[in-house]
Protein chains: 2
Amino acid sequence: MADDLAPEQLRAYFVLMESASLLHHAVEQQLRAEGELSYVQFQLLMRLAGADGPLTMTELADGVVYSRSGLTHQAGLLEKAGLVTRGAGPGDQRSTVVEITDAGRERVAKVLPGHVEVTRGQLFEPLSGKDVRVLGDIMTRVRDHMRAQPPRSAAGRKRR
Amino acid sequence: MADDLAPEQLRAYFVLMESASLLHHAVEQQLRAEGELSYVQFQLLMRLAGADGPLTMTELADGVVYSRSGLTHQAGLLEKAGLVTRGAGPGDQRSTVVEITDAGRERVAKVLPGHVEVTRGQLFEPLSGKDVRVLGDIMTRVRDHMRAQPPRSAAGRKRR
DNA sequence: TATTGTTATACTCTATAACTATA
DNA sequence: TATAGTTATAGAGTATAACAATA
């Protein structure tokens, strides 16, 4: 239970953060330039496009956005752009269901080739097939672990 | 040269972005709560703390920030908080050199234990030593590749 | 009472363009 | 002319708290 990280850990942490930042930046630029979308908006559209039917706001938020109001805001922007619709849910009357429109699917289709090109050129080019599998495996474990963790606010960790 | 990614690639890409986002969020919360720092500010302080002496704005910006004005702004905030100083460079008279103060080092020291705790709890707990080495190796290659890439603006990639 | 979602609001971050000063 | 950095400013993203409506 040393109080600091091993050098390999520190190195892995920083390089992960840095490369993720670079990738995020590259991807944001492409989405903005070719489709006037942020990555968050792209994620929301991808989720809706992949879902069988409409999703509730809560289902949609999961893992993409960290506050309710943030999602309300983004969904409002997507709705104003005609890419999604919002309506009353069939079951629980409190819920709002969000559905992707044809224009939304078209926007995804418009943006996707360039997106694939960027991710391939930036992320995958220096990686072998094995690297990709290993990376996917490792990050899947990390993600599942993080999501299983208690919300982990700063409380309870304070020492002074 | 298929126009889409292999399923493993798509999966690796999305899970990388998602886990990086979760990690970034957790880390921002810790830094903000315990040290009133953003991750960018933390990175800048860490660089300055690790450097032998002062760094120029340009050296400091590298890989952390994507616009000159962004760095000017962040450096201004750090200076106002007393964590760094800015002065005229010794050689090139156009340059500004930035140096960390004692208060800046104290702030880093104050924040670091909690930071280590968060990264260990969120990122490293589900990973073996080998995983960490492999992850560091893969992401290092990705980072080096991205940094070697031409700035890669949206121009030249447009199809329609 | 707890949960779903929205609203109002304020704050931070980032980026673009115009500008100064030095090389 | 090109480079280092700042300023002004505008836009986007995000979060908190108060709120309404339903469970």
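- A straight line from NZ of Lys80(A) to C1' of dA12(D) spans 12 Å, rounded to a whole angstrom.
- Using modelled atom types, one side-chain atom of Arg47(A) and one backbone atom of Asp62(A) make a donor-acceptor pair closer than 3.5 Å.
- Atom-to-atom, NE2 of His24(B) to P of dG13(D) comes out at 16 Å; the value is rounded to the nearest Å.
- Note on Val108(B): it does not cluster hydrophobically with Leu77(B), by side-chain heavy-atom contacts below 4.5 Å among ILVMFWY residues.
- Atom pair Tyr39(A):OH and dT14(D):P shows a separation of 13 Å (rounding to whole Å applied).
- In terms of phosphate contacts, Arg86(B) brings no side-chain nitrogen or oxygen within less than 4.0 Å of OP1 or OP2 of dA4(D).
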Going 5' to 3' through nucleotides 14-22 of chain C and flagging B where a protein heavy-atom sits under 4.0 Å of the base, S where only the sugar-phosphate is that close, and - otherwise, we get BBB-----B

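- Between the CD atom of Glu79(A) and the C1' atom of dG5(C) there is a distance of 13 Å, given to the nearest Å.
- Listed here is the closest heavy atom pair of Val111(B) and Gln30(B): O-NE2, 3.2 Å.
- Looking at every heavy atom in both residues, Arg105(A) comes nearest to Ala49(A) through NH1-O, 3.5 Å.
- Backbone-only engagement by Leu77(A) is indicated by non-hydrogen atom pairs under 4.0 Å involving sugar-phosphate atoms exclusively.
- Residues His25(A) and Tyr39(A) keep their aromatic ring centres 6.0 Å or farther apart.
- Other residues, nucleotides and ligands place no more than 12 heavy atoms under 6.0 Å from the CD atom of Glu36(A).
- Here Thr72(A) lies in heavy-atom contact (under 4.0 Å) with a base.
- Val97(A) and Leu48(A) fall into different hydrophobic clusters, where Ile, Leu, Val, Met, Phe, Trp and Tyr residues are linked whenever their side-chain heavy atoms come under 4.5 Å apart, directly or through other members.
- For Ser38(A) and dA12(D), the shortest distance from a side-chain N or O to OP1 or OP2 is not below 4.0 Å.
- Atom P of nucleotide dG5(D) and atom CG of Leu71(B) are separated by 8 Å, given to the nearest angstrom.
- Side chains of Asp131(B) and Ser128(B): a donor on one and an acceptor on the other come within 3.5 Å.
- Across residues 42-59 of chain A, Thr56(A), Met57(A), Thr58(A) each have a non-hydrogen atom less than 4.0 Å from an atom of DNA chain C (numbered order).
- The CD atom of Glu28(A) sits 16 Å away from the P atom of dC13(C) (whole-angstrom rounding).
- Side-chain contact, His145(A) with Glu125(B): a donor N or O sits under 3.5 Å from an acceptor N or O.
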